[in-house]
Amino acid sequence: MPKFVNIEHYPELAEVNLDLAPKAMQEGYPGHRPLFKKDGEAQQILTPALEKLFAVGDTTVTYMKDIAQQVTAKMKGQGVARSQTSASHRDYGLLN
């Protein structure tokens with residue numbers, strides 16, 4: 001077990017193979033995986049929204065409904081939609 005892990009503070013990590021993560025990184029597994037058909041365009045909408053939600057903290061999670069609608073509209077090649085709400089991955093423009 002690496003010495004930088006405080007097992008007393010994180011007992012759930014006592015039996016975890018933490019060597020796996022650095023090995024996976026060396027082999028190129030972790031990294032940016034496209035989630036959307038037009039991932040770059042989606043990220044232009046999502047990145048500032050997530051910063052507003054998590055870093056700035058001046059909004060609630062319901063703000064993400066509007067953001068999801070914007071991403072959906074962008075993936076469908078439409079203008080910004082603000083009146084629809086859908087929970088399906090296909091509607092959010094996710095791959096699959």
Side-chain angles (χ1 to χ4, degrees):
M1 180 64 61
K3 293 183 182 193
F4 59 84
V5 176
N6 183 342
I7 299 301
E8 291 176 15
H9 195 273
Y10 300 102
E12 66 273 13
L13 296 178
E15 302 300 319
V16 174
N17 180 0
L18 296 176
D19 291 329
L20 184 62
K23 286 179 187 175
M25 285 184 231
Q26 290 170 352
E27 294 179 18
Y29 287 109
H32 178 70
R33 302 279 192 260
L35 298 175
F36 299 92
K37 295 174 188 172
K38 301 172 190 171
D39 200 61
E41 294 177 34
Q43 294 306 323
Q44 289 176 348
I45 298 168
L46 289 169
T47 299
L50 291 170
E51 284 180 15
K52 181 176 177 63
L53 182 65
F54 292 112
V56 178
D58 65 350
T59 191
T60 65
V61 295
T62 57
Y63 168 70
M64 295 307 288
K65 284 183 180 181
D66 183 48
I67 297 305
Q69 292 168 358
Q70 290 179 42
V71 171
T72 298
K74 185 63 97 171
M75 297 304 103
K76 291 181 176 181
Q78 303 168 353
V80 176
R82 295 184 184 270
S83 61
Q84 316 166 266
T85 304
S86 175
S88 80
H89 288 115
R90 180 173 298 289
D91 286 343
Y92 285 103
L94 292 171
L95 295 175
N96 292 346

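Tracing side-chain contacts under 4.5 Å through hydrophobic residues (I, L, V, M, F, W, Y), one never reaches V56 starting from L50; they form parts of separate clusters. When hydrophobic clusters are built by joining Ile, Leu, Val, Met, Phe, Trp and Tyr residues whose side-chain heavy atoms come closer than 4.5 Å, directly or via intermediates, V61 is grouped together with L46.
Taking each heavy atom of V71 and A42 in turn, the nearest pair found is CG1-CB, 4.0 Å. Here the closest non-hydrogen pair linking K74 and K38 is O-NZ, 3.4 Å. Of all heavy-atom pairs between A49 and I67, the closest is CB-CG1, 3.6 Å.
In this structure, OG1 in T60 is found 8.0 Å from CG in L53, a value given to the nearest 0.5 Å. Atoms NZ and NZ, from K37 and K76 in turn, are 8.5 Å apart once rounded to the nearest 0.5 Å. Note that CG of L35 and CD of Q43 are 6.5 Å apart. Values are rounded to the nearest 0.5 Å.
For T47, there are no side-chain hydrogen bond (donor to acceptor under 3.5 Å, both in side chains) partners, not counting sequence neighbours.
At most 12 heavy atoms of other shown residues, nucleotides or ligands fall within 6.0 angstrom of atom CD in E8.
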